Participant: 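Mind having a look at this structure? Questions to follow.
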Amino acid sequence: MPRAILRLDALEDRAVPAAVGALDPSFGTAGRVVTSAGGAEAASAVAVQPDGKIIVAGSTTQNNDIVLARYNPDGSLDATFNGSGTFQFTFGGIDTAAALALQPDGMIVVVGATDANGNPDFAAARVLANGTGLDTTFSGDGKVIVPFDRGGANADRATAVALQADGRIVVVGSVQAGATDFDFGLLRLTAAGAPDASFGGSGLGVVAFNLGGTNDDRATGVAVAPGGAIVVGGYAETAAGSHDFAAVRLLAADGSPDATFNGDGKATIDLGGDDVANAVAVRADGRVVLAGTRTATDPRAAVAQLTAAGASDATFGTGGTFTAAFALEPAGAGTRANALALDDRGRVVLGGVRVTPGATDAIVMRVAANGVGFDVSFNNQGTVADNPGGSTVIDFGGTTDAAVAVTIDRGGRIVVAGGTSADGNIALARLIG
């Protein structure tokens, strides 16, 4: 009988995979990129193209302009974008970018505010996909300025944008109605950049909650729901210096409030403090997710969920809400949520800041889909009592770093953008998803 011969095969060289939620070592320097456009800059919005390239919009003190930057998937600036990776433009005044949206054809819609006409107004622009200039098929020169001018100092600022399936552009923000009175401001533009007369009769709309205090009601986010309804998130003042999360659902046809949503199209959620929602998203089944900050003593990142009918969703968290808390937290420490994204498993990804005595860092948090707590599989550090899983703190090198925008790419990786006080630059990071 032939003797068996043992064969030894070479073992594969296998690297231990980085933890989910850790900074992605294949991006930039240890997962981080800091960019200067010639002045002091900060990012306010981020989006990922289908090819994995990353678009960031922000503002720069260099001529008080809007600045866009495009990055390759490895975090390097994309030289095919305007030859340098960046593009700057102006509305003619002190301009600030607040949000961006990518059209299916690659065009980039940017919204914010400008005081080109003497006081802040809503501003929107469309940039060519290659970043070489503004799209002159949009409002004739690529830019549109829309004043509401309803009272006070007429300080009207756009804060968020969403695209409808038919190419129309929905812009929301705050419009001043009196010295300290602000309302949700709504604007819909046609794909050609003109106010859409089918929306409120003029393309403009206002929603006031007027629940108390000085009626300081502000829209901070917008999303298009399944079926086309427009959901606007923000906050409404209920008593002097106290706010609640707030949401409005509008009919797609004409922008009027949807009476099937909480009876009058409007809903508020009290989290037990001064509650300010900074972002909104809509789930596939129509449930509305709001994220922001609850401040009772120290600030806490918070999430609230409404049913598709506009009621607090009792299946989420505690009575429809989740509030972040960490063990061993020193006095004066806390978290704030500035941005929100939903991953493909329904989990809530938050971008914001982690405040500790003497420093502010960017932070990414992931909350379980049912809101019962942090997703402990995210950056689980095991023996670290202050973070047994659920969050990643990102230090960009400044004493004041922040994440103000978050998105998820096709590979499930989390991209956050914001700013750092280290030289006042755009800050960008990518985490393993």
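In this text the structure is predicted, and so the values were computed from the model without any measurement.
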Participant: Between the main-chain N or O of Gly265 and the side-chain N or O of Asn262, is there a donor-acceptor pair closer than 3.5 Å?
Facilitator: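 Judged by distance alone, no pair lies under 3.5 Å.
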Participant: To the nearest 0.5 Å, what is the distance between CG on Asn72 and CG on Leu77?
Facilitator: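 Atom-to-atom, Asn72:CG and Leu77:CG are 8.0 Å apart.
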Participant: Using modelled atom types and a 3.5 Å cut-off, is there a donor and acceptor pairing between side-chain atoms of Asp217 and backbone atoms of Glu237?
Facilitator: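 Pair found, side chain donor or acceptor close to backbone of Glu237.
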Participant: Start with the C-alpha distance between Phe27 and Tyr71, add both sets of side-chain angles, then the distance that settles ring-ring contact (aromatic ring centres under 6.0 Å, His included), and finish with yes or no.
Facilitator: CA-CA 10 Å; Phe27 184 80; Tyr71 300 85; 7.3 Å; no
Participant: Can you check side chain to side chain contact (heavy atoms under 4.5 Å, CB included) on Val222 and Ile230, steps first, answer last?
Facilitator: CA-CA 7 Å; Val222 62; Ile230 300 163; 3.8 Å; yes
Participant: Quick one: are Phe396 and Ser421 in side-chain contact, heavy atoms under 4.5 Å?
Facilitator: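 When only atoms from C-beta onward are counted, Ser421 and Phe396 do not touch, as no gap falls below 4.5 Å.
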Participant: If only atom types and distance count, is the side chain of Asn82 paired as donor or acceptor with the main-chain N or O of Ser84 below 3.5 Å?
Facilitator: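 No.
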Participant: Might you work through the side chain to side chain donor-acceptor pair (under 3.5 Å) test for Thr90 and Asp95, ending with a clear yes or no?
Facilitator: CA-CA 7 Å; Thr90 181; Asp95 308 326; 2.8 Å; yes
Participant: Arg249 side chain to Ala308 main-chain N or O, any donor-acceptor pair under 3.5 Å?
Facilitator: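 Checked: pair present.
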Participant: Restricting to side chain to side chain contact (heavy atoms under 4.5 Å, CB included), what partner residues turn up for Ala191, sequence neighbours left out?
Facilitator: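 Scan of Ala191 (side chain to side chain contact (heavy atoms under 4.5 Å, CB included), adjacent residues dropped) gives none.
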Participant: Salt bridge between Arg287 and Asp313, side-chain N to carboxylate O under 4.0 Å?
Facilitator: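 Salt bridge between Arg287 and Asp313, a charged N being under 4.0 Å from a carboxylate O: yes.
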Participant: Please round to the nearest 0.5 Å and tell me the distance separating atom CZ of Arg413 and atom CG of Asp343.
Facilitator: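 Reported to 0.5 Å precision, the distance equals 15.0 Å.
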Participant: Verify, without hydrogens or angle tests, whether Thr136 (side chain) and Gly142 (backbone) share a donor-acceptor contact under 3.5 angstrom.
Facilitator: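 Absent.
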Participant: Using side-chain heavy atoms (C-beta onward) and a distance below 4.5 Å, is Val416 in contact with Leu428?
Facilitator: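 Heavy-atom side-chain distance check fails, nothing below 4.5 Å.
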Participant: Is the Phe89 ring parallel, tilted or perpendicular to the Phe87 ring (thresholds 30°, 60°)?
Facilitator: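 If you compare the ring of Phe89 with that of Phe87, the planes turn out parallel.
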Participant: Test Val349 against Ile408 for side chain to side chain contact (heavy atoms under 4.5 Å, CB included), laying out the working first.
Facilitator: CA-CA 9 Å; Val349 177; Ile408 300 172; 4.1 Å; yes
Participant: The test is salt bridge (Lys or Arg N to Asp or Glu O under 4.0 Å); show your working for Arg150 and Asp183 and say whether it passes.
Facilitator: CA-CA 10 Å; Arg150 298 180 63 245; Asp183 298 324; 3.0 Å; yes
Participant: Checking Phe326 against Phe374 for the side chain to side chain contact (heavy atoms under 4.5 Å, CB included) test, could you report, in this order, the C-alpha distance in whole Å, the side-chain angles of both residues, the deciding distance, and whether it holds?
Facilitator: CA-CA 10 Å; Phe326 295 89; Phe374 284 118; 3.7 Å; yes
Participant: Work out which heavy atom in Ala98 is nearest to a heavy atom in Ala45; give both atom names and the distance.
Facilitator: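 Heavy atoms of Ala98 and Ala45 come nearest at O-CB, 4.1 Å.
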Participant: Quick one: does NZ or CZ of Arg366 land under 6.0 Å from the six-membered ring centre of Phe378, within 45 degrees of the ring axis?
Facilitator: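 No.
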Participant: Is Thr268 close to Thr238 at the side-chain level, that is, under 4.5 Å between some pair of heavy atoms?
Facilitator: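 They are not in side-chain contact.
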Participant: Quick one: do Phe148 and Phe122 satisfy ring-ring contact (aromatic ring centres under 6.0 Å, His included)? Show the steps, please.
Facilitator: CA-CA 8 Å; Phe148 283 74; Phe122 276 34; 4.8 Å; yes
Participant: Go through Arg168 and Asp196 one step at a time and tell me if the salt bridge (Lys or Arg N to Asp or Glu O under 4.0 Å) criterion holds.
Facilitator: CA-CA 8 Å; Arg168 288 182 289 184; Asp196 177 10; 2.9 Å; yes
Participant: List the atom of Thr293, the atom of Thr295, and the distance in Å for their closest heavy-atom pair.
Facilitator: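 Here Thr293 and Thr295 meet closest at CG2-OG1, 3.8 Å.
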Participant: Which of these, Leu350, Asn379, Val393, Leu431, sits in a side-chain contact (heavy atoms from CB on, under 4.5 Å) with Val364?
Facilitator: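 Filter result, single survivor: Leu431.
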Participant: Between Asp274 and Ser242, does the side chain to side chain donor-acceptor pair (under 3.5 Å) criterion hold? Intermediate values first, please.
Facilitator: CA-CA 5 Å; Asp274 184 21; Ser242 182; 4.8 Å; no
Participant: With heavy-atom distances below 4.5 Å as the criterion, would you say the side chains of Val406 and Ile414 are in contact?
Facilitator: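 In short, these two side chains touch, coming nearer than 4.5 Å.
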Participant: Side chains of Ile269 and Leu306: does their closest heavy-atom pair fall under 4.5 Å?
Facilitator: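 Side-chain contact under 4.5 Å: yes.
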Participant: Search all heavy atoms of Arg32 against all heavy atoms of Ala429 and return the closest pair with its distance.
Facilitator: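 Minimum heavy-atom contact is CG-CB, 4.2 Å.
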Participant: For residues Val232 and Ala219, report the shortest heavy-atom separation together with the two atoms involved.
Facilitator: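 Looking at all heavy atoms of both residues, the closest pair is CG1-CB, 3.6 Å.
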Participant: CG of Leu187 to CD1 of Ile169: how many Å apart, nearest 0.5 Å?
Facilitator: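 If I round to the nearest 0.5 Å, the distance is 9.0 Å.
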Participant: Walk me through it: do Phe245 and Tyr235 pass the test side chain to side chain contact (heavy atoms under 4.5 Å, CB included)?
Facilitator: CA-CA 5 Å; Phe245 282 18; Tyr235 53 93; 5.6 Å; no
Participant: Within this structure, what is the CG-CD1 distance for the pair Leu23 and Ile394, rounded to the nearest 0.5 Å?
Facilitator: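 Rounded to the nearest 0.5 Å, the CG-CD1 separation comes out at 5.0 Å.
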Participant: Atom CG of Asp156 and atom CD1 of Ile145: how far apart are they, to the nearest 0.5 Å?
Facilitator: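 One gets 12.5 Å once the value is rounded to the nearest 0.5 Å.
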Participant: Quick check: closest heavy atoms across Ala324 and Thr335, and the distance to 0.1 Å?
Facilitator: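 Here Ala324 and Thr335 meet closest at CB-OG1, 4.0 Å.
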Participant: Do the side chain of Arg283 and the main chain of Leu342 share a donor and acceptor less than 3.5 angstrom apart?
Facilitator: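 No, Arg283 side chain to Leu342 backbone: no donor-acceptor pair under 3.5 Å.
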Participant: Would you say Asn154's side chain and Gln176's backbone share a donor-acceptor pair under 3.5 angstrom?
Facilitator: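 No, because the side chain of Asn154 does not come within donor-acceptor range (under 3.5 Å) of the backbone of Gln176.
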Participant: Would you say Arg430 and Asp409 make side-chain contact, with heavy atoms under 4.5 Å?
Facilitator: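 A side-chain contact exists here, since the closest heavy-atom pair is under 4.5 Å.
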Participant: Under a 4.5 Å cut-off applied to non-hydrogen side-chain atoms, are Lys143 and Leu134 in contact?
Facilitator: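 Side-chain contact under 4.5 Å: yes.
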Participant: Measure from the side-chain N and O atoms of Ser59 to the backbone N and O of Ala97, and report whether any donor-acceptor pair falls under 3.5 Å.
Facilitator: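 Confirmed, Ser59 side chain pairs with Ala97 backbone.
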Participant: Under a 3.5 Å cutoff, is there a donor and acceptor pairing between the side chains of Thr214 and Asp216?
Facilitator: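 Note: Thr214 and Asp216 side chains miss the donor-acceptor criterion.
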Participant: Is it true that Arg354 and Asp361 make a salt bridge, defined as a side-chain N closer than 4.0 Å to a carboxylate O?
Facilitator: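 Salt bridge absent between Arg354 and Asp361.
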Participant: Any sub-3.5 Å donor-acceptor pair from Thr190's side-chain atoms to Ala192's backbone N or O?
Facilitator: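 Judged by distance alone, yes, a pair lies under 3.5 Å.
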Participant: Quick one: closest heavy-atom pair of Ala405 and Ser44, and the distance?
Facilitator: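 For Ala405 versus Ser44, the nearest heavy atoms are CB-O, 3.8 Å.
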Participant: Could you grab the distance from atom OG1 of Thr35 to atom CG of Asn425, nearest 0.5 Å is fine?
Facilitator: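 Between Thr35 OG1 and Asn425 CG, I get 7.5 Å after rounding to 0.5 Å.
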Participant: Arg294 and Asp275: salt bridge (Lys or Arg N to Asp or Glu O under 4.0 Å), yes or no, with the steps?
Facilitator: CA-CA 4 Å; Arg294 185 213 73 184; Asp275 312 325; 5.3 Å; no
Participant: Taking the side chain as C-beta and beyond, is there a heavy-atom pair between Ile55 and Ile108 under 4.5 Å?
Facilitator: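 Contact flag for Ile55/Ile108 side chains = yes.
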Participant: Please check: side-chain N/O of Thr307 versus main-chain N/O of Ala311, any donor-acceptor pairing under 3.5 Å?
Facilitator: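 It does hold such a pair.
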Participant: Phe209 vs Phe182, test: ring-ring contact (aromatic ring centres under 6.0 Å, His included). Steps then yes/no.
Facilitator: CA-CA 10 Å; Phe209 284 80; Phe182 288 84; over 10 Å; no
